[in-house]
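Heads up, the thing below is written out as structure tokens.
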2 protein chains.
Amino acid sequence: MYISTKGRYGTKALFELALHAGEGPQALREIAARQGLSEHYLEQLVGPLRKAGLIQSIRGAQGGYVLGRDASDITVGDILRVLEGPVSPTECALENFDFSHCCANPQVCPDRDVWIKVRKGIEQVVDTITLRDLVEDWQSNVERAPVYYI
Amino acid sequence: MYISTKGRYGTKALFELALHAGEGPQALREIAARQGLSEHYLEQLVGPLRKAGLIQSIRGAQGGYVLGRDASDITVGDILRVLEGPVSPTECALENFDFSHCCANPQVCPDRDVWIKVRKGIEQVVDTITLRDLVEDWQSNVERAPVYYI
DNA sequence: GAGGGAACGCAGTGGTCCGCAGGGGTGTGT
DNA sequence: ACACACCCCTGCGGACCACTGCGTTCCCTC
């Protein structure tokens, strides 16, 4: 039931970009080091994120990445959908799902409503939390317990 | 982000047992046929369910399975935890998680709160929906649109 | 008490995805 | 020119998925 590291690493990486927004492009090497991730693996994740417009790349020396739009306009759900696919526990719980392909007997599917409710429960969380929220929460935690942070 | 067929098939199978509760043991063959599942694959799923006490088996001819306790006392979450493992999007969002093993730098984990909220969102759904609810919903659907059902 | 239905259990299998690593190409500031 | 950092393709060992096959054990029915 776990999501993969893709969504987690991606969220961590974009959090770093949000935290250092306005400080110029951030190199993957720095992001990976600060969050303790594999730099090369992270490279594979930022490709789709760039194509989806969530981040922008600056090539060449002193290059790196910046957010593609404001941190308050990027939700965790946006990141997950790019890196993990649709946010849904089953295919049959997707928004525009074709009933005729549901289960063996679409008429006798007792549990589809459950999965739809689960999907909405997840969406209610990931679509309302933005990168800005993550940064603000993190900064207020630093204030409250500075000794815990480097 | 999809759950596997284990949780879905298991839910369907236990729904069948709840629907036919009081009619004697239900054979896997019948359950699999009615829900359009592979009988032999289902066999592998009911093993853990039996060991967890969610169902009871009756061996021999005319044998089969019955619910281990009342349908109103078995939630979808119970089934998922047996067949899919913990209901949580990440390991670090588990109830009794040891902080010291979180990420590379446990002090600098900006996203753990998100995953905990996702977990609670899922739990809020799957831990409140019982097999009895599924049966009642299904029966009221049959009443409303009998022509759609066999 | 023989037959057969049905639960048990183990082993194997093709496929997909995960979580990387390696290595080369390309564009750009200094 | 050089170094830096993005870009992209390839491979790879491992894990899990969704089954299938086959044999064994139990127990009701006839």
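Below, chains carry the letters A, B, ... as their sequence lines are ordered, and counting in each starts from 1. Bear in mind the structure is a predicted one, so any value in this text is a computation, not a measurement.
- Summarising the local packing, CZ of A:R29 is surrounded by 12 or fewer heavy atoms from other residues, nucleotides or ligands at distances under 6.0 Å.
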Should A:D111 and B:K12 be marked as a salt bridge (Lys or Arg N to Asp or Glu O under 4.0 Å) after you check the CA-CA gap, both sets of side-chain angles, and the distance that decides it?
CA-CA 7 Å; A:D111 49 350; B:K12 285 174 189 293; 3.4 Å; yes

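- Across all non-hydrogen atoms, the minimal contact from B:D73 to B:D78 is O-OD2, 3.9 Å.
- Both B:Q44 and B:E39 sit near DNA chain C, but only B:E39 has its closest nucleotide nearer the 5' end.
- When all heavy atoms are compared, the tightest approach of A:D127 to A:G77 is OD1-CA, 3.7 Å.
- Checked against side-chain contact (heavy atoms from CB on, under 4.5 Å), A:V82 has the following partners two or more places apart in sequence or in another chain: A:P48, A:L49, A:A52, A:L54.
- A salt bridge is defined here as a Lys NZ or Arg NE, NH1 or NH2 lying under 4.0 Å from an Asp or Glu carboxylate O, and A:R132 with A:D137 fails to meet this definition.
- When all heavy atoms are compared, the tightest approach of A:Y41 to A:T5 is OH-OG1, 3.3 Å.
- Side chains of A:L45 and A:L83 form a contact here, defined as non-hydrogen atoms less than 4.5 Å apart.
- Within the nucleic acid shown, A:R8 has no heavy atom closer than 4.0 Å to any nucleic acid atom.
- For DNA chain D, the neighbouring residues in residues 52-65 of chain B, judged by any heavy atom under 4.0 Å, are B:R59, B:G60, B:A61, B:Q62.
- Judged as a side-chain contact (heavy atoms from CB on, under 4.5 Å), and not counting sequence neighbours, the contacts of A:R119 are A:S88, A:P89, A:A93, A:E95, A:I116, A:E123.
- A 4.0 Å heavy-atom criterion places the boundary nucleotides of DNA chain D facing chain B at D:dC17 to D:dT29, written 5' to 3'.
- Taking every heavy atom of both residues into account, A:P86 and A:L94 meet most closely at CB-CD2, 3.6 Å.
- Counting non-hydrogen atoms under 4.0 angstrom, A:Y9 reaches the backbone sugars and phosphates but no base.
- Defined by atom type and a distance below 3.5 Å, a donor-acceptor pair is present between the side-chain atoms of B:R34 and B:Q26.
- A:E39 CD: more than 12 foreign heavy atoms inside a 6.0 Å radius.
- Of the residues near DNA chain D, B:E84 and B:E43, the one whose nearest nucleotide (by heavy atom distance) lies more toward the 5' end is B:E84.
- A heavy atom closer than 4.0 Å to some atom of DNA chain D occurs in no member of residues 18-26 of chain B.
- Contacts between chain B and DNA chain C, taken as any atom within less than 4.0 angstrom of a protein heavy atom, begin and end at C:dG4 to C:dA11.
- Nearest heavy atom pair, residue B:E43 against residue B:V46, reads O-CG2, 3.2 Å.
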